[in-house]
Undergrad: 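This structure is in C-alpha cells; I'll ask about it shortly.
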Amino acid sequence: MSIAISTQPLRVLKQQKPTRNEVNGMELAERKKKILSAVIESYINTGEPIGSKALINETGLEVSSATVRNDLADLTNKGYLVQPHTSAGRIPTLQGYRYYIDNLMKITPVTQGGREYVESELYKSADSPESILKEASGVISRLTGCTAVTTTPSGEESRIHRIRFVQTGSHTAMAVVIASNGIIKTKLFRCDFLLNPELLTVFDKAFNEIFSGMKLSSVNRPFIQTAAARLGELSMFTPGVLVAIMEACETAKEVSVYLSGVTKPLFMSDVNFLNARNVMEFLNNRHDLAEMLENLPLDTSVSIGGENSRTELAGSAVISARYRLDGNPSGVLAVIAPVRTDYARAISILECVSDSVSTLIDELIEI
C-alpha cells in the first residue's frame, strides 16, 4: 500500500539541544547544504553513490563540475560524506544524516486522501485503545514498509473509572476494570455460593463506591485490606473479588507493546543480515523494548545508529512520535528502519497516524 504526500511543507524537525555540528562551529554554506541534501536524498532513493555531474543535474546549480567536486571533498573532510571507492561518487555518513535531519529535511503532510485511508483503517478497530493501537502498528508498517511498534498509555497515573461485573457461570464472574485512560482489563473470580444478577448489582454499587477514582498503582494489598474492612460483612463473601480487582489493576497499569512487520528487516534491498538478526532478537524482548520506547522523547524524534540506547539497534534508525490523550503526550508510535530510509516520509506517516489515534482514543474515553 502506498500513500501520497502533499507538496506543502509541514516543518523541519530539529533536535531540542544544539547539534554536534553547531557546537563545533561547522555550519555549512548554502551551496554545500544544497549539495549535501541532494546527495542524501539521491542515496535514500537509489542506494547508489552520486557524482558531481549527476549532482549538477539534480540541483540545478550553475557551477562547474570542479566546484562541485571541491564541495564534495570538503563535505567528506568534515565527516558528512564518504567515498566508498576511489572512482565512485559520495554517500552520507551517520553525521551527514544527522545534519540533514536536524537542518535540511523538509517534511510534508499526508494528503487528505491518505488521512482518510488511515482514519478508515483505524476506525474498523475503534472499540478499545488496545485494538486501535494494534491496528495502528499494522497501518504504519504497511505504509512505511518497515517494522512498526506501538505502546498503550502508561497506567501509572491512571485511575479507575468504573468497575463492572459479568456473570460467566453459576459460581463464576468477571471483574471488569475500566481505567481513565480507556484501558479495559478483566479478571475471572470464583465464589463458593451461587451468583445471580441481583447479587452482582450489590457488588457493583459497593465496589464502585470504594474503588472509583483510585489510582491503579494504589490498588495494592494494603489497600485491599482497607477495602475489605470498609465492606464489613460483605467482605466475607468477596475475597476472590477483591483479589481479581487488584490483579486487573496491576495488568491495566502495565504498558503493552504491539508489533507489525517483525521480519521486514530481512527483506530490505540492502539487508545486513547481522543487523537484521540483532533487531529481531531485540524485538522479541518485550520488556526491554517497552522500556526503551517509554524513554523516547515526548516530541517527534529520530535516533540513528549509535545514538540509540540499545546496541542491537546500532545499525538501525528509530523514528518515533507520541499520540496524545486529552492533549498530553502519551504512548509511542515508532518505526524501526534501516539507516538508509526516507525519514521525512516516515515522520509524516507517524504524525498522521498519531493524530487519528489521539482522536479515536479521546472519543472512547469521553464515552
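No hydrogens, no waters, no symmetry mates; every other heavy atom, side chains included, goes into these values. Since we're looking at a predicted model, the values are computed, not measured.
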Undergrad: How are the rings of F203 and F189 set to each other: parallel, tilted or perpendicular (split at 30° and 60°)?
TA: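 Geometry flag for F189 against F203: tilted rings.
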Undergrad: Counting only heavy atoms not in D192, do more than 12 sit closer than 6.0 Å to its CG atom?
TA: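 Atom CG in D192 is not packed in, count stays at 12 or less.
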Undergrad: Are Y258 and L350 co-members of a hydrophobic cluster defined by side-chain heavy atoms under 4.5 Å apart?
TA: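 In one cluster with L350: Y258, yes.
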Undergrad: Taking the ring of F207 and the ring of F165, is the distance between their centroids below 6.0 Å?
TA: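 They qualify: ring centres under 6.0 Å apart.
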Undergrad: Quick one: does L242's side chain get under 4.5 Å of F211's, heavy atoms only?
TA: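 In contact.
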Undergrad: Does T76 form a side chain to side chain donor-acceptor pair (under 3.5 Å) with Q83? I'd like the steps, not just the answer.
TA: CA-CA 8 Å; T76 302; Q83 192 172 22; over 6 Å; no
Undergrad: Taking C-beta and beyond as the side chain, do P265 and N275 meet within less than 4.5 Å on heavy atoms?
TA: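 They are not in contact (no side-chain heavy atoms under 4.5 Å apart), so the answer is no.
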Undergrad: So, E209 and K205, do they make that salt bridge, N to O below 4.0 Å?
TA: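 Judged by the 4.0 Å cut-off on N to carboxylate O distance, E209 and K205 do form a salt bridge.
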Undergrad: Between Y43 and P92, what is the shortest heavy-atom contact and its length?
TA: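 The answer is CD2-CD, 3.5 Å.
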Undergrad: With a 4.5 Å limit on heavy-atom distance, are the side chains of N103 and K33 in contact?
TA: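 No - every pair of side-chain heavy atoms lies 4.5 Å or more apart.
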Undergrad: Is there a chain of hydrophobic side chains (I, L, V, M, F, W, Y, each step under 4.5 Å between heavy atoms) that links I336 to F267?
TA: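 No.
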Undergrad: Between A244 and K187, what is the shortest heavy-atom contact and its length?
TA: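 The pair with the smallest heavy-atom distance is O-CB, 3.4 Å.
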Undergrad: Check this for me: F237, atom CZ, are more than 12 non-hydrogen atoms of other residues, nucleotides or ligands nearer than 6.0 Å?
TA: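 Incorrect, the count does not exceed 12.
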Undergrad: Got a donor-acceptor contact below 3.5 angstrom from the T93 side chain to the V82 backbone?
TA: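 Side chain of T93 to backbone of V82: no pair is present.
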Undergrad: Could you grab the distance from atom CZ of R310 to atom OG of S303, nearest 0.5 Å is fine?
TA: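 Going from CZ on R310 over to OG on S303, the span is 13.0 Å.
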Undergrad: Is the shortest heavy-atom distance from the side chain of L364 to the side chain of I132 under 4.5 Å?
TA: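 Side-chain contact under 4.5 Å: yes.
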Undergrad: Compare every heavy atom of G315 with every heavy atom of V339, then report the nearest pair and how far apart it is.
TA: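 In this case the closest contact between V339 and G315 is CG2-O, 3.7 Å.
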Undergrad: Count the heavy atoms belonging to other residues, nucleotides or ligands that lie under 6.0 Å from NZ of K253, then report whether that count exceeds 12.
TA: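 Counting other residues, nucleotides and ligands, NZ of K253 exceeds 12 neighbours.
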Undergrad: Are side-chain heavy atoms of L28 and L75 found at a separation under 4.5 Å?
TA: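 In contact.
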Undergrad: Between D204 (side chain) and R164 (backbone), is there a donor-acceptor pair under 3.5 Å?
TA: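 Pair absent, no side-chain N/O of D204 close to backbone of R164.
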Undergrad: Keeping R322 on the side-chain end and L296 on the backbone end, is there a donor-acceptor pair under 3.5 Å?
TA: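 Judged by distance alone, yes, a pair lies under 3.5 Å.
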Undergrad: Quick one, R277 with L274, criterion side chain to side chain contact (heavy atoms under 4.5 Å, CB included). Give me CA distance, side-chain angles, the key distance, then yes/no.
TA: CA-CA 5 Å; R277 187 187 70 181; L274 178 59; 3.5 Å; yes
Undergrad: Decide yes or no for D71 and V63: does some side-chain heavy atom of the first lie under 4.5 Å from some side-chain heavy atom of the second?
TA: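 No, every pair of side-chain atoms sits at 4.5 Å or beyond.
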Undergrad: Less than 4.5 Å apart, side chain to side chain, heavy atoms only: is that true for Y323 and P153?
TA: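 Side chain of Y323 against side chain of P153, heavy atoms only: contact under 4.5 Å found.
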Undergrad: For residues 170-184, which side-chain N or O atoms pair as donor and acceptor with protein atoms under 3.5 Å away, sequence neighbours left out?
TA:
residue	atom	partner	partner atom	Å
H171	ND1	C191	O	3.2
H171	ND1	F193	O	3.0
T172	OG1	T168	OG1	2.8
T172	OG1	G169	N	3.2
S180	OG	R159	N	2.9
S180	OG	R159	O	3.4
N181	OD1	I183	N	3.1
N181	ND2	S158	OG	3.0

Undergrad: Which atom pair, heavy atoms only, marks the closest approach of C146 to T341?
TA: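 Taking C146 first and T341 second, the nearest heavy atoms are SG-OG1, 4.3 Å.
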Undergrad: Using side chain to side chain contact (heavy atoms under 4.5 Å, CB included), reason through V332 and V149 one step at a time and then give a plain yes or no.
TA: CA-CA 8 Å; V332 177; V149 56; 6.0 Å; no
Undergrad: List the atom of C352, the atom of R115, and the distance in Å for their closest heavy-atom pair.
TA: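 Closest heavy-atom pair between C352 and R115: SG-CG, 3.6 Å.
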Undergrad: Any donor-acceptor pair under 3.5 Å linking the side chain of S348 with the backbone of T108?
TA: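 Yes: the side chain of S348 pairs with the backbone of T108.
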Undergrad: Counting N and O atoms only, with roles assigned by atom type, does the side chain of S120 sit under 3.5 Å from a partner on the main chain of Y117, one being a donor and the other an acceptor?
TA: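 Yes, S120 side chain to Y117 backbone: donor-acceptor pair under 3.5 Å.
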Undergrad: Taking atom CD of E281 as the centre, report whether more than 12 heavy atoms of other residues, nucleotides or ligands fall under 6.0 Å from it.
TA: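 Result for CD/E281: enclosed.
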Undergrad: Among the clusters formed by ILVMFWY side chains lying less than 4.5 Å apart, do V39 and L94 turn up in the same one?
TA: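 Linked, V39 and L94 end up in one cluster.
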Undergrad: Considering non-hydrogen atoms only, spot the tightest contact between L200 and V166 and give its length.
TA: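 Nearest heavy atoms, L200 then V166: CD1-C, 4.5 Å.
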Undergrad: Under a 3.5 Å distance rule, please check whether N77 uses its side chain to pair with a backbone N or O of A73 as donor and acceptor.
TA: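 Such a contact is found between N77 side chain and A73 backbone.
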Undergrad: Return yes when atom NZ of K32 has more than 12 non-hydrogen atoms of other residues, nucleotides or ligands closer than 6.0 Å, and no otherwise.
TA: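 Yes, enclosed.
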Undergrad: Indicate yes or no for a side-chain donor-acceptor contact from R324 to the backbone of D362 under 3.5 Å, with no hydrogens or angles considered.
TA: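 No; zero donor-acceptor contacts below 3.5 Å.
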Undergrad: Give a yes or no on whether L259 and L133 share a hydrophobic cluster (residues Ile, Leu, Val, Met, Phe, Trp, Tyr; joining criterion: side-chain heavy atoms under 4.5 Å apart).
TA: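 No.
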Undergrad: According to a 4.5 Å side-chain heavy-atom criterion applied to Ile, Leu, Val, Met, Phe, Trp and Tyr, with indirect links allowed, do L231 and L199 form part of one hydrophobic cluster?
TA: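 Yes; tracing contacts between hydrophobic side chains, which count when under 4.5 Å, links both residues.
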Undergrad: Classify the side-chain pair T67/S64 by whether it contains a donor and acceptor separated by less than 3.5 Å.
TA: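 Yes, because at least one side-chain N or O of T67 sits under 3.5 Å from a partner of the opposite role on S64.
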Undergrad: For S358 and L325, indicate whether the former's side chain and the latter's backbone hold a donor-acceptor pair under 3.5 Å.
TA: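 No; judged by distance alone, with no hydrogens or angles, the pair does not exist.
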Undergrad: Out of N278, V335, V279, which one pairs with S316 under the side-chain contact (heavy atoms from CB on, under 4.5 Å) rule?
TA: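 Filter result, single survivor: V279.
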Undergrad: Does any non-hydrogen side-chain atom of E294 lie less than 4.5 Å from one of S154?
TA: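 Result yes, sub-4.5 Å side-chain heavy-atom pair found.
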Undergrad: Does any N or O in the side chain of T151 come within less than 3.5 Å of the main-chain N or O of G331, such that one atom is a donor and the other an acceptor?
TA: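 Not a single qualifying donor-acceptor pair exists.
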Undergrad: Check whether the side chains of E58 and S42 place a donor and an acceptor atom closer than 3.5 Å, and report yes or no.
TA: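 On atom types as modelled, these side chains do not qualify, holding no pair under 3.5 Å.
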Undergrad: When rounded to the nearest 0.5 angstrom, what is the spacing between OG in S235 and CD1 in I224?
TA: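 One finds 11.5 Å between OG of S235 and CD1 of I224.
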Undergrad: Run the salt-bridge test on E135 and R142 with the 4.0 Å N-O cut-off and return the result as yes or no.
TA: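 The answer is yes: the pair qualifies as a salt bridge.
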Undergrad: Check whether more than 12 heavy atoms from other residues, nucleotides or ligands sit under 6.0 Å from atom CD of E157, and answer yes or no.
TA: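 Result for CD/E157: open.
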Undergrad: For the side chain of T152 and the backbone of S256, is there at least one donor-acceptor N/O pair under 3.5 Å apart?
TA: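 Checking the backbone N and O of S256 against the side chain of T152, a donor-acceptor pair under 3.5 Å is found.
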